[in-house]
Amino acid sequence: QLQLVESGGGSVQPGGSLRLSCAASGFTLDYYAIGWFRQAPGKEREGVSCISSSGGSTNYADSVKGRFTISRDNAKNTVLLQMNSLKPEDTAVYYCAAVPRVLGYVCYPDDEYDYWGQGTQVTVSS
């Protein structure tokens with residue numbers, strides 16, 4: 001069974017931090033590029049951050065640049081998204097997705113990702 005599972009979401013005050021985890025079950029993420037996406041109520045899903053299979057290349061949406069950090073922990077077969085200085089507009093369901101790409105782009109259109117997690121809710125409010 002091949003699955004991705006997100007965890008670490010919750011409710012925080014503006015300026016707070018959360019660390020999301022994307023853990024793989026049934027396969028290794030070593031050779032997969034990973035993307036984090038989010039979807040807020042009434043809005044389309046948007047890309048947040050991407051990381052190459054090696055972890056050597058990353059990309060961030062302008063809205064989160066400087067506040068979020070994506071990284072890989074291959075020993076735990078996990079990709080992390082550290083979110084600092086959270087804002088109310090960061091409120092959304094966050095998803096991770098994986099696609100097997102050893103070479104190529106860091107980020108891909110969402111319809112090219114093979115595996116998706118169930119999502120984890122992030123709520124930022126006073």
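Computed from a predicted model, the values in this text were never measured in an experiment. Values below: every heavy atom of this structure, side chains too, minus hydrogens, waters and symmetry copies.
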Which heavy-atom pair separates [X] from [Y] by the least distance, and what is that distance?
X	Y	answer
Ala98	Ile34	CB-CD1, 3.4 Å
Arg101	Ser53	O-OG, 3.1 Å
Ala61	Gly47	CB-O, 3.6 Å
Trp36	Cys22	CZ2-CB, 3.6 Å
Pro14	Ser126	CD-N, 3.8 Å
Val106	Ala33	O-CB, 4.1 Å

Main-chain N/O of [Y] paired with [X] side-chain donor or acceptor, under 3.5 Å:
X	Y	value
Thr91	Val124	yes
Glu112	Val99	no
Glu46	Arg38	no
Ser49	Asn59	yes
Gln118	Val5	no
Gln39	Ala92	no

Once you round to the nearest 0.5 Å, how far does [atom1] of [X] lie from [atom2] of [Y]?
X	Y	atom1	atom2	result
Ser57	Tyr105	OG	OH	13.5 Å
Arg19	Asn84	CZ	CG	10.5 Å
Ser52	Arg72	OG	CZ	7.0 Å
Met83	Arg67	CE	CZ	9.0 Å
Leu4	Phe27	CG	CZ	4.0 Å
Leu81	Tyr94	CG	OH	7.5 Å

Inset, instruction - Identify whether Leu2 and Val79 are in the same connected component of the hydrophobic contact network (ILVMFWY, side-chain heavy atoms under 4.5 Å). - result: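 Yes: a chain of side-chain contacts under 4.5 Å links Leu2 to Val79.
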Inset, instruction - Indicate if Tyr95 and Leu20 have the same hydrophobic cluster label, given that clusters are the connected sets of ILVMFWY residues with side-chain heavy-atom separations under 4.5 angstrom. - result: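 Not linked; separate clusters.
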Inset, instruction - Look at atom CD of Glu89 and say whether more than 12 heavy atoms of other residues, nucleotides or ligands are closer to it than 6.0 Å. - result: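 Check passes, neighbour count above 12.
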Inset, instruction - Tell me, yes or no, whether the heavy-atom count around Lys65 atom NZ, taken from other residues, nucleotides or ligands under 6.0 Å, exceeds 12. - result: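 Yes, because the 6.0 Å sphere around NZ of Lys65 holds more than 12 heavy atoms from other groups.
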Legend entry - By side-chain hydrogen bond (donor to acceptor under 3.5 Å, both in side chains) - contacts of Thr123 (at least two apart):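 Thr123 satisfies side-chain hydrogen bond (donor to acceptor under 3.5 Å, both in side chains) with Gln121 only.
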Legend entry - Residues forming a side-chain hydrogen bond (donor to acceptor under 3.5 Å, both in side chains) with Thr69, sequence neighbours excluded: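 Partners of Thr69 by the side-chain hydrogen bond (donor to acceptor under 3.5 Å, both in side chains) criterion come out as none, since no residue qualifies.
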Inset, instruction - Just jot down the ring-ring contact (aromatic ring centres under 6.0 Å, His included) partners of Phe37, sequence neighbours excluded, or say none. - result: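 Result, ring-ring contact (aromatic ring centres under 6.0 Å, His included) vs Phe37: Tyr113, Trp116.
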Legend entry - Check: Pro100 and Asp114 side chains under 4.5 Å, non-hydrogen atoms: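 Side-chain contact under 4.5 Å: yes.
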Legend entry - Validation row: Phe68, Leu18 side chains within 4.5 angstrom (heavy atoms):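 No, side chains not in contact.
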Legend entry - Salt bridge present between Asp90 and Lys87 (N-O < 4.0 angstrom):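 A salt bridge is absent here (no side-chain N lies under 4.0 Å from a carboxylate O).
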Inset, instruction - For a side-chain contact (heavy atoms from CB on, under 4.5 Å) with Ile51, tell me which candidate from Leu80, Leu29, Ile70 qualifies. - result: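 So the option named by the test is Ile70.
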